[in-house]
Amino acid sequence: MVERLWAGWRIPTAEANVDTELVVPQGKTLFEALLDSGLPDAQTHIVWRGRLCFAVLNIYPYARGHLMVVPNRPVTALGDLTADEHSELWDAVRSATLAVTAAYQPHGINVGANLGRGSGAGVPDHLHVHVVPRFRGDTNFMTSVANVRVMPETLSDTWHQIVAAWPVVGSP
């Protein structure tokens with residue numbers, strides 16, 4: 001039987017999707033709302049903006065440094081990307097792995113996309129690629145035994161770490 005640890009303080013974040021005053025307009029995706037919000041990147045947790053894609057922290061991370069690379073345009077499948085979007089997306093995924101490695105020195109990194117609701121996608125209407133640093137011995141068993149995740153730092157601290165480590169365009 002799963003025990004419940006009630007965290008009512010998370011309701012505003014869960015309802016707003018980020019820890020800001022972000023409202024997702026009808027007909028827009030969460031990621032479009034982030035881009036169009038006019039809020040500072042430190043508040044929306046956007047760590048990098050490209051011409052066609054951006055990278056943002058996951059506000060419900062599996063591990064510190066968990067971020068997502070997202071095309072600006074809402075597409076649902078990899079085949080829907082233009083050649084330029086595809087190129088920038090995967091270049092940004094590479095940059096994200098470099099930033100996560102520089103910031104946290106993980107023992108491994110998971111890179112993946114959940115395509116469609118059936119795959120477990122939390123935002124199935126807007127393609128995004130997860131970059132999740134992994135550490136030996138960090139099994140985060142709390143999720144298994146208590147349906148809880150224990151995070152060692154705040155999203156704000158993670159944002160600062162990743163932004164500082166993001167590679168300069170043109171560098172490896």
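These numbers were taken from a predicted model, which means no experiment stands behind them. The first residue in the sequence is number 1, and the count goes up from there.
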- Item | Considering all heavy atoms, the nearest E32-N72 contact | CG-O, 4.3 Å
- Joint cluster assignment, V93 & L52, ILVMFWY side-chain distance < 4.5 Å: no
- Message: Any non-hydrogen side-chain atom of Y104 less than 4.5 Å from a side-chain atom of I162?
- Response: yes
- Side-chain touch R49/L35, heavy atoms, less than 4.5 angstrom: yes
- Item | Over 12 non-hydrogen atoms of neighbours within 6.0 angstrom of CZ in R117 | no
- Message: In the structure I gave you, are the side-chain heavy atoms of L115 and L127 within less than 4.5 Å of one another anywhere?
- Response: yes
- Message: What I'd like to find out is whether the side chain of C53 reaches to under 4.5 Å of the side chain of W48, using heavy atoms alone.
- Response: yes
- Task: Check the pair V100, L67 against side chain to side chain contact (heavy atoms under 4.5 Å, CB included), reporting the backbone distance first and the verdict last.
- Result: CA-CA 9 Å; V100 162; L67 58 91; 4.0 Å; yes
- Query: Does any N or O in the side chain of S87 come within less than 3.5 Å of the main-chain N or O of D84, such that one atom is a donor and the other an acceptor?
  - Reply: no
- Item | Nearest heavy atoms of F31 and M68, plus distance in Å | CE2-CE, 4.0 Å
- Are any non-hydrogen side-chain atoms of S95 and W166 less than 4.5 angstrom apart? yes
- Task: Locate the shortest heavy-atom distance separating K28 from V24; write the atom from each residue and the value.
- Result: O-CG1, 3.5 Å
- Parallel, tilted or perpendicular: which fits the ring planes of H130 and H66, with parallel below 30° and perpendicular above 60°? tilted
- Contact check, side chains of D125 and P74, non-hydrogen atoms, under 4.5 Å: no
- Item | CH2 on W159 to CD1 on I46, rounded to 0.5 Å | 10.0 Å
- Message: Rounded at 0.5 Å granularity, tell me how far CG in L155 sits from OG1 in T44.
- Response: 11.5 Å
- Note on the structure: What one should report as the nearest heavy-atom pair of R73 and L81 is NH2-CA, 4.1 Å
- Query: Do H126 and L30 have side-chain heavy atoms sitting under 4.5 Å apart?
  - Reply: no
- Task: Enter the distance from D91:CG to H86:NE2 here, rounded to the nearest 0.5 Å.
- Result: 10.0 Å
- Message: To check you understand the geometry: which heavy-atom pair defines the closest contact between P106 and R134, and what is its length?
- Response: CB-O, 3.3 Å
- Closest contact, heavy atoms only, I109 versus T97: CD1-O, 3.7 Å
